[in-house]
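What follows is a short report on a single structure.
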Amino acid sequence: MAEDRDGDSARAGYRGLVMRRSAAAPEAAVLVLHGGRERGMGRPSRLNAPVLRMRPFVRALARATEGRRVVLAEARYRHRGWNGERADAARDAADALAELSRRTGGAPVVMVGHSMGGRAALRVAGTDGVVGTVALAPWCLPGEPVEQLSAARLVFLHAEADRITSPVESLRVAERARAEGAEVCRFVLPGGDHAMLRRAAVWHALTTRAVCGLLGLSALPPEIASAFALPPGSPDGLDVPATASDGRGVRV
């Protein structure tokens with residue numbers, strides 16, 4: 001049986017990367033990272049709520065990139081929790097990125113992470129080959145490191161009254177990342193929907209538009225392009241009201 005990074009026997013059948021769509025000679029890839037818990041050493045099941053919460057995003061991304069050679073993959077964690085200084089989800093995200101790069105021959109990657117997955121994505125957003133990160137209601141704590149984000153391109157989406165993860169702290173991370181040199185845009189949605197169920201169409205549409213723009217498959221949405229162009233000290237572009245089109249020009 002394989003050994004895990006701490007020297008304990010890993011569970012049989014563990015896969016750190018689940019391929020949702022493969023492609024010959026891929027031009028790009030998307031890595032989706034689900035949420036988790038503050039602490040927990042058990043393995044997440046394949047059908048737990050944080051995993052299932054990201055499936056509509058994978059389907060939306062598949063529709064948005066139909067006909068393009070874009071690989072879609074989901075990261076899997078060894079443990080349910082972040083587990084303090086262990087930062088297990090961040091280490092698993094780094095492993096998933098390495099495996100995805102191996103499978104795609106180094107195709108450019110955009111990460112989409114929710115909650116704990118958003119925190120993990122931000123931790124590894126400076127990895128070679130990552131061309132953008134979309135952080136959905138990311139779990140950010142005071143003092144979160146941002147040095148790794150100096151050359152990153154980041155899009156945040158957060159409900160303004162989220163009671164599970166702090167929109168105030170995600171704003172602070174966005175501000176500090178921009179000051180570090182990152183290109184940053186942050187959208188805010190009304191209400192406190194951490195699960196991204198209310199106004200789901202907006203969550204999905206903004207995410208797919210951001211991903212396609214970051215990968216260069218389409219133009220960046222104007223709100224993101226404008227925010228990315230702002231200088232390090234600017235407070236603008238970090239509380240953009242979230243609206244989106246349903247694909248027929250109808251705002252949702």
Closest heavy-atom pair, T165 versus A137, reported as atoms and distance to 0.1 Å, is OG1-O, 3.1 Å
With a 4.5 Å heavy-atom cut-off, do F228 and R153 have their side chains touching?
yes
CG of L171 to CZ of R176, rounded to nearest 0.5 Å, is 11.5 Å
Heavy-atom check, side chain of V173 versus side chain of F156, under 4.5 Å:
yes
Evaluate R21 against T65 for side-chain hydrogen bond (donor to acceptor under 3.5 Å, both in side chains), listing each step before the verdict.
CA-CA 11 Å; R21 186 175 72 192; T65 58; 2.5 Å; yes
Mind checking whether V51 and M19 sit in one hydrophobic cluster, side chains of I, L, V, M, F, W, Y counted as touching below 4.5 Å?
no
Short question: side chain of S150, backbone of E180 - any donor-acceptor pair under 3.5 Å?
no
Spacing of M196 atom CE and R53 atom CZ [to the nearest 0.5 Å]
6.5 Å
Could you check if a side-chain atom of V131 sits within less than 4.5 angstrom of a side-chain atom of V109, using non-hydrogen atoms only?
no
Quick check: does any side chain N or O of T207 sit under 3.5 Å from a backbone N or O of W203, one acting as donor and the other as acceptor?
yes
For the pair T127 (side chain) and V130 (backbone), establish whether a donor and an acceptor sit closer than 3.5 Å, ignoring hydrogens and angles.
no
Of the non-hydrogen atoms in T208 and A64, which two are nearest, and what is the gap between them?
CB-CB, 4.0 Å
Determine whether L217 and L72 fall in the same hydrophobic cluster, where Ile, Leu, Val, Met, Phe, Trp and Tyr are linked whenever their side-chain heavy atoms lie under 4.5 Å apart.
yes
Between A227 and V184, what is the shortest heavy-atom contact and its length?
CB-O, 3.4 Å
When the ring centroid of F187 is compared with that of H158, is the distance short of 6.0 Å?
no
Roughly how far, to the nearest 0.5 Å, is CD1 of I164 from OG of S115?
8.0 Å
Test side-chain contact (heavy atoms from CB on, under 4.5 Å) on L17 and L31; report intermediate values, then the result.
CA-CA 9 Å; L17 190 71; L31 179 63; 3.6 Å; yes
Determine whether a donor-acceptor pair (N or O, by modelled atom type, separation under 3.5 Å) exists between the side chain of E27 and the backbone of R69.
yes
Any side-chain to backbone donor/acceptor pair from R91 onto R86? Under 3.5 Å, distance only.
yes
Same apolar cluster: V155 and M54, side chain cutoff 4.5 Å
yes
Minimum-distance pair of heavy atoms, taken over all atoms of L122 and Q148
O-NE2, 3.0 Å
Taking the side chain from D162 and the backbone from S166, do they hold a donor-acceptor pair closer than 3.5 Å?
no
Over 60° means perpendicular and under 30° means parallel, so classify the ring planes of H204 and F57, tilted if in between.
perpendicular
Polar side-chain atom of E183 near backbone of I224 as donor-acceptor pair, under 3.5 Å:
no
OG/S226 to CG/L220 distance, rounded to the nearest 0.5 angstrom?
10.0 Å
Intermediate values then yes/no, salt bridge (charged side-chain N to carboxylate O under 4.0 Å, His left out), R209 and E223
CA-CA 11 Å; R209 289 173 62 212; E223 308 97 319; 3.6 Å; yes
Heavy-atom pair with the smallest gap, counting every atom of A125 and T133:
CB-OG1, 3.5 Å
Examine distances only and state if a side-chain atom of S234 and a backbone atom of L230 form a donor-acceptor pair shorter than 3.5 Å.
no
Are any of the side-chain nitrogens in E169 or R172 under 4.0 Å away from the carboxylate oxygens of its partner?
yes
Short side-chain to backbone donor-acceptor contact, R78 and D92, under 3.5 Å:
no
Given the rule in the side-chain contact (heavy atoms from CB on, under 4.5 Å) test, do R20 and E74 qualify, once you have shown the distances and angles that lead to the verdict?
CA-CA 7 Å; R20 291 301 175 192; E74 298 177 18; 3.0 Å; yes
Heavy-atom check, side chain of V134 versus side chain of V211, under 4.5 Å:
yes
For E99, is there an ion pair with R102 - N to carboxylate O distance below 4.0 angstrom?
yes
Any donor-acceptor N/O pair, D193 side chain to A159 backbone, under 3.5 Å
no
So how far is it from R178 CZ to L149 CG, rounded to the nearest 0.5 Å?
13.0 Å
Heavy-atom distance under 4.5 Å between the side chains of Y77 and D95, does that happen here?
no
Between P167 and E160, is any pair of side-chain heavy atoms under 4.5 Å apart?
no
Mind listing the closest non-hydrogen atom pair of A23 and V71 along with its distance?
N-CG2, 3.9 Å
For the pair H34 and R76, evaluate side-chain contact (heavy atoms from CB on, under 4.5 Å) and give the outcome as yes or no after the intermediate values.
CA-CA 8 Å; H34 64 80; R76 289 289 180 269; 4.0 Å; yes
Less than 4.5 Å apart, side chain to side chain, heavy atoms only: is that true for P138 and R119?
no
Hey, are the side chains of M41 and N83 touching, using non-hydrogen atoms and a 4.5 Å cut-off?
yes
Criterion side-chain contact (heavy atoms from CB on, under 4.5 Å) on V32 and H114, from CA distance to verdict
CA-CA 8 Å; V32 176; H114 174 243; over 6 Å; no
Establish whether L215 and V58 are linked, either directly or via other cluster members, by ILVMFWY side-chain heavy-atom contacts under 4.5 Å.
yes
Less than 4.0 Å between a side-chain N and a carboxylate O, is that true for E144 and R123?
yes
CE of M116 to CG of L33, rounded to nearest 0.5 Å, is 9.0 Å
Residue pair R186, S170: steps toward the side-chain hydrogen bond (donor to acceptor under 3.5 Å, both in side chains) verdict
CA-CA 9 Å; R186 181 174 173 275; S170 80; 3.1 Å; yes
W82 ring centre to R37 NZ or CZ under 6.0 Å, with the angle to the axis within 45°?
no
Same cluster or not: are V30 and L206 linked, directly or through other Ile, Leu, Val, Met, Phe, Trp or Tyr residues, by side-chain heavy atoms under 4.5 angstrom apart?
yes
